[in-house]
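Computed from a predicted model, the values in this text were never measured in an experiment. Chain naming here is simple, since letters A, B, ... match the order of the sequence lines and numbering starts at 1 in each.
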Amino acid sequence: MRFTRMVSRTLRFDPPEAETASHRLMLRAGLMQQVAAGVYSYLPLALRSLRKIEGIIREEMDAAGGQELMLPALQPLELWEQTGRRAAFGDNLFALQDRRGRPMALAPTHEEVITNVVKSNVQSYRDLPLLLYQIQTKFRDEPRPRAGLIRVREFDMKDAYSFNADDASLDESYQAMAQAYRNIFRRCGLPVLMAEADSGAIGGKDSHEFLLPTDTGEDTVITCPNCRYTANAEKAESVVPRYGGDTGDAPLREVATPGVKTIAALAEFLGVPEAGTLKAVFYMADGEPVFVTIRGDLEVNEVKLKNALHCDELRFAEDGEVQAAGLVAGSASAVGISGIRKVADPSIESGANFVVGANKPDTHLTGANYPRDFQVDILTDIALVQPGQLCVRCGHGLEATRGVEVGHIFKLGTFFSETLGATYLDAEGRNLPITMGCYGIGVGRLLAAAIEQNHDERGIVFPHPIAPYQAHLVGLNLSNAEVAEAADALYGQLNAAGIETLYDDRPDQAAGVKFNDADLLGLPVRLVVSPRNLRDGVVEVKGRADEAAVTAPLGEGAEAVRARLAGGG
RNA sequence: CGGGGUGUAGCGCAGUGGCUAGCGCGCUACGUUCGGGACGUAGAGGCCGGUGGUUCGAAUCCACUCACCCCGACCA
């Protein structure tokens with residue numbers, strides 16, 4: 001490709017709206033252009049890279065026994081109502097009407113449609129297992145798109161679905177997918193963490209996320225440096241150190257706490273640690289108020305809470321809703337409260353004689369103990385893991401890192417097959433629901449993550465397998481006919497040798513401009529033809545990440561590129 | 001949806017009521033330069049986000065509205 005024929009141009013300065021590295025570099029290098037919030041045009045350079053990523057994904061999916069197909073993005077809304085996911089997705093689902101007023105949706109994912117495909121094609125255990133996948137555009141009306149391709153509303157996703165007769169078979173498919181994912185990310189130059197993840201309201205036993213560690217990531221990963229336990233903070237569990245050695249036989253006693261509203265203020269006022277108090281938090285779950293109790297030094301994990309409540313929408317209650325429920329914000333506790341759903345974290349048992357609200361203004365109680373003084377409807381882990389808490393497996397201190405989720409695999413179980421009636425006959429003639437798994441990779445996000453991981457202060461440093469071109473041929477001083485001739489000839493040789501080459505054939509740009517653009521675009525190998533090199537009969541060869549260039553005989557440019565690519569770096 | 005911010009040339013920005021709206025980059029032409037973002041000369045390029053108001057006069061003041069960015073609740 002000749003530089004002078006490219007539609008895109010590089011930006012001389014960083015675009016001010018882009019804060020994360022991949023976003024900034026992709027705009028600046030002319031890889032993409034924004035059309036609307038979370039909607040981008042992919043220019044040729046980006047598309048070439050995306051196609052390479054897709055190629056890697058296809059190879060690995062096919063190697064794992066996958067079959068590629070293509071499902072529609074436009075779907076009847078009815079399909080989403082059948083499984084109840086119209087409500088689950090809520091405003092994130094792009095809904096529209098066709099010309100006859102029929103409700104339609106732009107699909108955010110494809111479990112419903114693929115389950116119907118399998119339902120009408122699979123009757124027997126002999127037809128299983130199946131692994132089907134596609135690379136296709138998804139639509140999600142995200143509340144807040146951000147950071148370039150990290151979070152967008154229209155994006156290409158590789159989504160795969162496995163269909164198995166039983167859990168043992170599902171495990172095999174799941175493991176095969178996990179391995180395929182590891183291969184894909186390694187080939188894209190990404191050192192990902194595989195973390196235990198929340199599987200969502202639909203359930204299913206296992207779920208893992210593949211996260212690229214980076215400060216600009218949206219997720220928090222909890223890791224144990226000792227036993228390698230790795231989990232998304234949404235899912236992670238920890239051991240909460242017990243508070244105090246008391247036996248819990250202290251009597252309940254009221255204390256006046258004028259003006260004390262927060263846990264921090266309460267702890268200070270009474271001279272007890274925050275772990276010696278119980279915190280009350282109020283949520284609205286699908287419109288119903290919920291009373292949540294957790295030890296004072298811990299935070300509520302809303303994902304865990306949502307799963308415990310089996311609700312679609314969960315949010316903090318507003319002041320008016322708290323009052324309407326007859327609760328006293330700042331001095332509330334579950335003691336003596338009824339007529340509202342009560343959820344508590346097991347940490348309320350990891351101590352005794354707690355300080356809690358008295359459910360009247362400016363008053364608290366000391367000596368509160370569960371279950372002696374109050375009861376709850378649901379007692380389950382709803383705590384957010386914090387670094388420094390202890391690993392549930394080995395007791396070592398946990399650490400937290402930020403990461404971008406680039407892939408996610410789920411064991412779905414039989415939710416969709418049961419809801420939509422996808423069954424098979426087993427060897428004994430029984431009609432059983434097919435067991436499913438699903439596996440997603442965001443292709444554009446993977447590119448963004450790769451750039452996030454592989455760049456320096458000068459620009460992108462593309463990993464070879466996903467670079468738009470392998471070689472960047474720079475011709476300096478091309479108004480000199482001899483140099484132009486030599487550069488053109490080398491370009492021809494590279495093409496003939498099958499090396500994808502971007503040829504900076506701009507006749508009148510200064511060397512600095514060309515070098516800076518080459519660094520910005522970050523193609524793996526740079527070749528320089530110039531009057532100086534021509535005099536010596538050589539071409540300069542430099543890997544993007546190399547400190548210095550080496551020279552090769554002018555006629556051996558293609559071999560030099562191959563050698564440099566094989567050398568890594 | 002809550003909080004903060006921005007809309008003026010392809011891009012980045014300046015312009016606090018006065019008539020022909022400016023600067024840098026980029027772009028076009030010619031000339032000079034030529035190994036890390038060169039220089040000169042001459043040009044092209046604007047419904048100042050939109051609508052409605054105030055005013056003799058609005059990019060500038062007021063109201064409404066739309067869009068985009070950043071911070072929090074969603075996910076590949």
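Atom CG of D517(A) and atom P of rG37(B) are 13 Å apart (whole Å). A straight line from CG of D505(A) to P of rC34(B) spans 21 Å, rounded to a whole angstrom. Rounded to a whole Å, the CD atom of Q33(A) is 9 Å from the P atom of rC11(B). One atom, CG of L27(A), and another, P of rC68(B), lie 15 Å apart when rounded to the nearest Å.
Here the separation of rC48(B) from rG43(B), taken at their C1' atoms, is 23 Å to the nearest Å. The gap from the P atom of rG46(B) to that of rC34(B) amounts to 37 Å, rounded to the nearest Å. Nucleotides rA59(B) and rC47(B) have their C1' atoms positioned 12 Å apart, rounded to a whole Å. Rounded to a whole angstrom, the distance from the P atom of rG10(B) to that of rC30(B) is 24 Å. Taking atom C1' on both rA73(B) and rU55(B), the two are 46 Å apart, rounded to the nearest angstrom. The separation of rC23(B) from rC66(B), taken at their C1' atoms, amounts to 29 Å, rounded to a whole angstrom. The P atoms of rU33(B) and rC39(B) are separated by 15 Å, rounded to the nearest whole Å. Rounded to whole Å, the P atom of rC69(B) lies 15 Å from the corresponding atom of rC13(B).
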| Along nucleotides 69-76 of chain B, 5' to 3', which nucleotides get a B, which get an S, and which get a -, given that the test is a protein heavy-atom distance under 4.0 Å? | SSBBBBBB
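Judged purely by atom type and a 3.5 angstrom limit, E452(A) uses its side chain to pair as donor or acceptor with the backbone of S22(A).
When the shell of 6.0 Å around CD of E17(A) is examined, it contains more than 12 heavy atoms from other residues, nucleotides or ligands. Applying the 6.0 Å contact sphere to CZ of R51(A) captures no more than 12 heavy atoms from other residues, nucleotides or ligands.
Between the side chain of R506(A) and the base of rG26(B), no donor-acceptor pair of N or O atoms lies under 3.5 Å.
Remark: R9(A) is not in phosphate contact with rG26(B), judged by side-chain N or O atoms under 4.0 Å from OP1 or OP2.
If you check rA67(B) for Watson-Crick or wobble pairing at under 3.5 angstrom, you find it paired to rU6(B). Checking rC11(B) for Watson-Crick or G-U wobble geometry (two distances, each under 3.5 Å) identifies rG24(B) as its partner. Pair assignment for rC74(B) gives none, since no Watson-Crick or G-U wobble pairing has each distance under 3.5 Å. Base pairing of rG18(B): its partner is rC56(B), meeting the Watson-Crick or G-U wobble criterion (both donor-acceptor distances under 3.5 Å). Across all strands shown, rG37(B) forms no Watson-Crick or G-U wobble pair with both distances under 3.5 Å. Across all strands shown, rC48(B) forms no Watson-Crick or G-U wobble pair with both key distances under 3.5 Å.
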| task | Assess whether ring-ring contact (aromatic ring centres under 6.0 Å, His included) is satisfied between Y439(A) and Y181(A), documenting all intermediate values. | result | CA-CA 9 Å; Y439(A) 316 89; Y181(A) 273 39; 7.0 Å; no
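Here rC25(B) is the nucleotide among rA38(B), rC25(B), rG36(B) with the atom lying nearest to any side-chain atom of R12(A).
With ring centers used as reference points, F282(A) lies under 6.0 Å from F291(A).
Nucleic acid contact class of D519(A) (heavy atoms, under 4.0 Å, all strands): base. D508(A) comes within 4.0 angstrom of nothing in the nucleic acid, heavy atoms only. Residue contacts shown for N480(A) are absent, as no nucleic acid heavy atom lies under 4.0 Å away. Heavy atoms of R24(A) sit nowhere under 4.0 angstrom from any nucleic acid atom. At a threshold of 4.0 angstrom between heavy atoms, the contacts of T109(A) with the nucleic acid are absent.
For N183(A) against R186(A), the heavy-atom pair with the smallest separation is OD1-NH2, 3.2 Å.
A cation-pi arrangement is absent between R544(A) and F462(A) under the rule of less than 6.0 angstrom and at most 45 degrees off the ring axis.
Comparing V35(A) and N516(A), the nucleotide of RNA chain B nearest to each residue sits closer to the 5' end for N516(A). Taking for each of T10(A) and D14(A) the nucleotide of RNA chain B with the nearest heavy atom, the 5'-most of the two is the partner of D14(A).
Salt bridge status for K306(A) with E302(A): absent, with no side-chain N to carboxylate O gap under 4.0 Å.
Side-chain atoms of R402(A) and T220(A) include a donor-acceptor pair closer than 3.5 Å.
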